Amino acid sequence: MDLGIRGKRGLVCAASKGLGRGCAEALAEAGVDLVINARSADVLRATADEIAAKYGVSVTPVAADITTEDGRAAVLDALGGQADILVNNAGGPPPGKWTDWSRDDFIKALDANMLTAVALMQALVPGMMERGWGRVVNITSQSVKTPIGILGLSNTARTGLTGFVAGMSRQVAPHGVVVNNLLPGIHATDRAISLDTGVSKAEGISMDEARAKREATIPTGTYGTPEDFGATCAFMCSQHARFMVGQNILLDGGVSNSTM
Ligand code: NAP
């Protein structure tokens, strides 16, 4: 399917690996020129070079912490202050117990997983509105629909972002700008490996056993992949997503057991 976005300019945050990289690859395949971001410069540059060589688009790496004001300024500078497509992403907050989190822990999580995305939308969406076309995908989590107790900082911050998008997406839709959220369940990235490592150590089982145990809880019987995830993200950034506004698209292999 032609996504109709060849020649558009996009920013994908936190994209040297994992789900962000999956999104960057799928957008590059559709012909989008990209700025991509992550903190480790070497890994990011290698990713940018590989994507540019594979798909023949321009990929500019900006090594910075996207959760800081300086990091966002560096990324926006590389874009010349405008983009047609924005994919918001950052690392998730650490797990813990609800009684232990301090105000500072909450502020950190809100900064990383809510206010960073809000700031980038505030910086880039007005230009999209002026030009009459734009797409934003915020990577959140299945935990927005099905809370995961030990990830309370994530549940809190991402639900806040979801509430912001619910209102704002309807305000910008008349100007051709489409804003939605994409909710990953378990995908085979470094994050899944670290979850499996935790189970493997805690239960004295092998990594393969830990993965098989988790996969058995997923109706598809497998983890998702960055490729699956990227393809859905690229569709949500395409011309065809014109009528999809303020939605929360769950990609979890059927784990969340609800009718809607
Ligand atoms: P990942 O494989 O660990 O990749 C994370 C990427 O983000 C890397 O490129 C990393 O590069 C970059 N990054 C992390 N923090 C950053 C920051 N502050 N500024 C800029 N770049 C940053 O993680 P993932 O599995 O793709 O997860 C992506 C997001 O989806 C996370 O918020 C995660 O909590 C959420 N999620 C993932 C899953 C899953 O199953 N994978 C499920 C639900 C939710 P550097 O380290 O070099 O910065």
Side-chain angles (χ1 to χ4, degrees), residues 11-26 34-48 50-51 59 61-76 78 87-95 108-117 119-120 137-148 150-159 161-162 181-199 211 214-215 217-218 220 222-230 232-233 248-253 255-256:
L11 165 63
V12 186
C13 304
S16 64
K17 296 194 268 179
L19 303 180
R21 177 170 179 158
C23 296
E25 293 233 13
L34 294 171
V35 169
I36 63 170
N37 151 264
R39 292 164 301 180
S40 310
D42 292 353
V43 184
L44 180 68
R45 173 158 293 285
T47 298
E50 281 169 35
I51 296 176
V59 185
V62 179
D65 183 341
I66 199 67
T67 68
T68 65
E69 222 169 297
D70 287 352
R72 291 190 290 277
V75 163
L76 291 170
V87 179
N88 274 316
N89 187 29
K108 245 185 233 161
L110 291 171
D111 263 340
N113 296 108
M114 175 185 171
L115 298 175
T116 290
L120 287 170
V137 173
N138 298 297
I139 300 179
T140 62
S141 172
Q142 70 174 9
S143 69
V144 169
K145 292 207 181 213
T146 311
I148 302 167
I150 58 162
L151 294 180
L153 292 172
S154 167
N155 300 338
T156 305
R158 296 184 197 279
T159 308
L161 175 61
T162 306
N181 304 318
L182 187 50
L183 285 54
I186 293 288
H187 284 72
T189 67
D190 285 1
R191 191 173 164 281
I193 293 171
S194 97
L195 289 173
D196 289 346
T197 306
V199 172
R211 178 170 176 150
R214 197 184 301 275
E215 283 181 331
T217 67
I218 305 174
T220 54
T222 59
Y223 290 172
T225 67
E227 291 75 22
D228 302 329
F229 193 84
T232 307
C233 176
N248 291 283
I249 306 299
L250 183 60
L251 281 188
D252 72 345
V255 167
S256 303

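Computed from a predicted structure; not experimentally measured. Just follow the structure's listing: the first ligand is 1, and inside any ligand the first atom is 1.
- Closest of all the heavy-atom pairs between V199 and R214 is CG2-NH2, 3.4 Å.
- Although no hydrogens or angles enter the test, the distance criterion places a donor-acceptor pair under 3.5 Å between the side chain of T225 and the main chain of D228.
- Residue-ligand proximity: V43 is placed with every non-hydrogen atom at 4.0 Å or more from ligand 1.
- Distances below 4.0 Å separate heavy atoms of A64 from the following atoms of ligand 1: 19 (N), 20 (C).
- Looking only at distances, a side-chain donor or acceptor of T116 sits under 3.5 Å from a matching main-chain atom of D111.
- Scanning R72, R39, R191 for the heavy atom closest to atom 39 (C) of ligand 1 points to R191.
- The two residues G185 and D252 come nearest to each other via the heavy atoms CA-CB, 3.8 Å.
- The nearest protein atom to atom 19 (N) of ligand 1, hydrogens excluded, is given as I66 N, 3.0 Å; this is a heavy-atom distance.
- For the residue pair T47 and A15, the shortest heavy atom distance occurs at CG2-O, 3.8 Å.
- Within the listing of ligand 1, atoms 31 (C), 32 (O), 34 (O) sit less than 4.0 angstrom from a heavy atom of G92.
- Note on residues 35-46: no pairs pass side chain to side chain donor-acceptor pair (under 3.5 Å), not counting sequence neighbours.
- Taking atom 43 (C) of ligand 1 as the reference point, the nearest protein heavy-atom neighbour is P184 O, 3.2 Å.
- Every atom of ligand 1 is numbered from 1 in the order shown, and the set under 4.0 Å from a heavy atom of S141 is 43 (C), 44 (C).
- If you take CG on L19 and SG on C233, they are separated by 10.0 Å, rounding to the nearest 0.5 Å.
- At a threshold of 4.5 Å between non-hydrogen side-chain atoms, the residues L195 and I186 count as touching.
- Counting heavy atoms from C-beta outward, I36 and R21 have side chains that stay 4.5 Å or more apart.
- Atom 40 (O) of ligand 1 has as its closest protein heavy atom H187 N, 2.8 Å.
- Every heavy atom of P93 sits 4.0 Å or more from the atoms of ligand 1.
- Distance from atom 26 (O) of ligand 1 to its nearest protein heavy atom, with residue and atom name: L19 N, 2.7 Å.
- Checked options V35, I51, L34; the residue passing with V12 is L34 (criterion: side-chain contact (heavy atoms from CB on, under 4.5 Å)).
- Some N or O of G91 is nearer than 3.5 Å to an N or O of ligand 1, by distance alone.
- Atom CE of M114 is separated from atom CG of N88 by 12.5 Å, given to the nearest 0.5 angstrom.
- At a 3.5 angstrom cut-off on N or O pairs, Q142 does not count as close to ligand 1.
- Between N113 and G91, the shortest heavy-atom contact is ND2-O, 3.2 Å.
- Residue E69 places its CD atom among 12 or fewer non-hydrogen atoms of other residues, nucleotides or ligands, all under 6.0 Å distant.
- For ligand 1, the atoms closer than 4.0 angstrom to any heavy atom of T189 are 2 (O), 24 (P), 25 (O), 41 (N).
- Ranking the protein heavy atoms by distance from atom 22 (C) of ligand 1 puts A14 CB, 3.7 Å first.
- By the 4.5 Å heavy-atom criterion applied to side chains, T189 and K17 are not counted as neighbours.
- Counting protein heavy atoms only, atom 8 (C) of ligand 1 is closest to S16 OG, 3.7 Å.
- Pairing each heavy atom of D196 with each of R211, the nearest pair is OD2-CB, 3.6 Å.
- Contact between A90 and ligand 1 is present, with at least one heavy atom of the residue lying under 4.0 Å from the ligand.
- Across N89 and A14, no two heavy atoms sit closer than the pair ND2-O, 3.0 Å.
- Nearest-residue assignment for atom 29 (C) of ligand 1 (options V62, L183, N89; heavy-atom criterion): N89.
- Every atom of ligand 1 with a heavy atom of D65 under 4.0 Å away is listed here by number and element: 17 (C), 18 (N), 19 (N).
- The contact set between ligand 1 and T67, taken as ligand atoms under 4.0 Å from a residue heavy atom, comprises 18 (N).
- For S143, the heavy-atom gap to ligand 1 stays at 4.0 angstrom or more.
- Within ligand 1, the atoms closer than 4.0 Å to a non-hydrogen atom of G18 are 2 (O), 26 (O), numbered from 1 in the order shown.
- If you check which protein heavy atom lies closest to atom 42 (C) of ligand 1, you get G185 O, 3.2 Å.
- There is a protein heavy atom less than 4.0 angstrom from atom 14 (C) of ligand 1.
- When only interatomic distances are considered, the shortest N/O to N/O separation between I139 and ligand 1 does not fall below 3.5 Å.
- At least one heavy atom of R158 lies less than 4.0 angstrom from ligand 1.
- Ranking protein heavy atoms by distance to atom 20 (C) of ligand 1, first place goes to N37 OD1, 3.3 Å.
- For ligand 1, the atoms closer than 4.0 angstrom to any heavy atom of S40 are 47 (O).
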